[in-house]
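Read through the structure below, which is laid out as structure tokens, and then see the notes.
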Amino acid sequence: MTKIGVLIFLLINLINSKLEPKQFIARQGQVSFFSYTTAENIEAKNNQVLSIIDVSNNEIAISMLMNAFVFKKSLMYEHFNASYIESDLYPKATFKGVIVDFDPLATTVQTRIIKGTLTIRNISKEINIKTKIENINGNYILTGDFELVVEDFDIKIPPIVAPNIAKIISTSFRFEYQSYEK
Amino acid sequence: MSLNAQDLLEAVDKEYPNIPQYELSTFKGTRIAIGQSIENRKKGVLQLAALNRYWNLPNAKIQSFVADKLSARLAFEYGISDNLTIGAGWTSLEEVSDVNLKYTLLRQRKDAKKAPLSISLFQNASYRGDRSEPNSDIGFKNRLAFTSQVLIAHKFTPKFSLQVSPTFIHRSFSFNEVDPSNHFAVGFGGRYRIANHVSLTSEYYYVANPLKSRDTYGAFAIGVNWDVRFLLLQFQMTNARSMVEDGFILQTPNNFNTDDGNFVFGFNAIFTLHLIQKQL
């Protein structure tokens with residue numbers, strides 16, 4: 001009887017562990033970028049960035065539509081999509097990687113490095129991004145910022161507008177994750 | 001069993017909500033070359049335009065600087081909403097003042113609910129202020145013309161767009177009774193992007209029932225658009241001297257060729273100001 005009891009106990013535990021959420025999703029992740037030059041400041045924000053983290057192996061994936069970036073000036077939005085990012089040809093930017101030494105159970109704020117591959121305009125770059133991870137009742141918030149070099153992604157900037165667009169773009173992000181039920 | 005990062009990325013891509021995906025930048029400007037395009041300015045955007053046409057007189061014995069004749073147009077367009085733009089302008093040729101509005105009826109979509117076409121409605125009312133003979137004593141009502149257009153465009157590739165523009169023009173007055181006062185025309189226009197900031201454009205207007213009292217020709221243009229930041233420059237080779245719809249569609253008195261008097265060089269400078277900016 002006790003053996004059966006132990007077996008049932010183990011089985012319940014096994015089922016429980018299966019139900020424990022392994023993946024978390026952020027559906028309204030925010031990614032902003034800034035271009036600071038003496039001539040002009042350009043800022044854009046995307047509030048519809050998707051991301052999933054898998055806490056069983058600490059993997060992270062991010063995907064965003066380039067035409068979902070909002071600019072203060074509508075003509076900048078048009079130029080960004082039509083002439084620089086060419087979102088007709090390359091609609092998405094993606095990132096996939098691993099959060100190094102991430103402890104999903106820790107309730108304190110963790111600062112970790114995400115190692116991964118960023119793909120913009122079908123050009124992939126290995127990149128390390130520092131992120132602050134908060135665990136609020138089992139849901140995670142990832143924030144951070146990093147820099148991108150415009151030239152790395154073969155974005156053509158005509159000489160006449162070169163003074164208005166920074167060579168290095170500051171990028172910041174904030175993702176709020178909830179458990180992911182398919 | 002754990003997914004690898006590639007599978008995780010595929011899982012993310014399945015989570016995209018159904019957000020309408022509209023085609024952007026079917027044409028660069030609110031005019032393709034000489035005629036209207038489906039494009040409207042967004043809410044709170046003011047567009048200031050200086051349009052110029054230069055041509056020479058045939059057999060001119062005078063020494064003009066650059067060109068014998070110049071027709072200039074100053075105009076503004078303002079986005080009341082993302083779908084409705086109002087505008088007004090003054091053109092030196094025949095001293096035409098005009099007001100216009102353009103409404104975006106349908107936008108081409110590439111998501112699941114596909115819409116194959118972009119459609120805009122354009123209405124223009126023009127007043128011919130020229131008081132030289134034989135126009136000196138005709139009344140206000142007789143100086144008006146109204147142009148209505150249905151602008152229908154399709155963006156085939158990121159580089160290539162075409163537009164067809166069925167047009168109805170009502171003129172309130174003719175000097176000659178044989179001339180109809182209601183005209184039907186259709187415009188054809190296209191754009192091909194040759195570089196990220198440069199595109200080639202062409203337009204032609206066919207008039208089904210042109211003026212009878214004198215010979216007129218279909219307005220034709222080939223041109224180049226160049227956009228840099230908030231400035232759009234459009235250059236054209238054309239036979240059209242007027243820049244008001246009823247003027248160039250119905251009353252282009254010369255065909256397109258390089259002869260003096262027929263060849264018209266066009267230069268449009270269009271500047272965009274964002275009076276209302278979006279909140280981020």
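Just so it is clear: chains get the letters A, B, ... in the order the sequence lines come, proteins before strands, and each one is counted from 1. Keep in mind that this is a model prediction, so the values were computed, not measured.
The environment of A:Asp154 atom CG is dense: over 12 non-hydrogen atoms of other residues, nucleotides or ligands sit within 6.0 angstrom. Surrounding OH of B:Tyr192 are at most 12 heavy atoms belonging to other residues, nucleotides or ligands under 6.0 Å away.
Looking at B:Asp227, only its side chain comes within 4.5 Å of chain A, counting heavy atoms on both sides. With a threshold of 4.5 angstrom between heavy atoms, A:Ile25 approaches chain B through side-chain atoms but not through N, CA, C or O. Both the backbone and the side chain of B:Tyr16 come within less than 4.5 Å of a heavy atom of chain A. Contact annotation for B:Val12: both backbone and side-chain heavy atoms come within less than 4.5 Å of a heavy atom of chain A. Neither the backbone nor the side chain of A:Ser32 comes within contact range of chain B; no heavy atom of the residue lies under 4.5 Å from a heavy atom of that chain. Only the backbone of A:Phe95 comes within contact range of chain B, judged by heavy atoms closer than 4.5 Å.
Taken from CG in A:Asp88 to NZ in B:Lys155, the straight-line distance is 4.0 Å, to the nearest 0.5 Å. With values rounded to the nearest 0.5 angstrom, A:Thr94 atom OG1 is found 5.0 Å from B:Leu9 atom CG. Summarising the geometry, atom NZ belonging to B:Lys43 is positioned 12.5 Å from atom OG belonging to A:Ser74; distances are rounded to the nearest 0.5 Å. B:Gln21 CD to A:Ser87 OG: the interatomic distance, rounded to the nearest 0.5 Å, is 8.5 Å. Put simply, NE2 on B:His197 and CD1 on A:Ile160 are 10.5 Å apart, with the number rounded to the nearest 0.5 Å. Expressed to the nearest 0.5 Å, how far CG of A:Leu89 lies from NZ of B:Lys159 amounts to 8.5 Å.
When the heavy atoms of residues 122-148 of chain A are compared with those of chain B, none of the residues falls under 4.5 Å. By a heavy-atom distance cut of under 4.5 Å, A:Glu40, A:Glu43 are the residues of residues 33-43 of chain A near chain B, going up by number.
For the set A:Lys73, A:Lys45, A:Met76, the entry with the most heavy-atom pairs within less than 4.5 Å of chain B is A:Lys73. No other option in A:Gly116, A:Ala82, A:Ala68 has as many heavy-atom pairs under 4.5 Å with chain B as A:Ala82. If you tally non-hydrogen atom pairs under 4.5 Å between each of B:Lys110, B:Arg193, B:Gln279 and chain A, the highest count goes to B:Arg193. Of the listed residues (A:Asn47, A:Ile53, A:Leu65, A:Ile62), the one with the most heavy-atom contacts under 4.5 Å to chain B is A:Leu65.
No donor-acceptor distance shorter than 3.5 angstrom exists from the side chain of B:Arg229 to the backbone of A:Asn164, with no hydrogens or angles considered. At least one donor-acceptor pair closer than 3.5 Å links the side chain of B:His274 to the backbone N or O of A:Leu75.
Proximity of B:Lys42 to A:Tyr77: side-chain heavy atoms (C-beta onward) are nowhere separated by under 4.5 Å. A heavy-atom distance below 4.5 Å is not found between the side chains of B:Pro17 and A:Gln28.
The two residues A:Gln48 and B:Ile19 make their nearest non-hydrogen contact at OE1-CD1, 2.9 Å.
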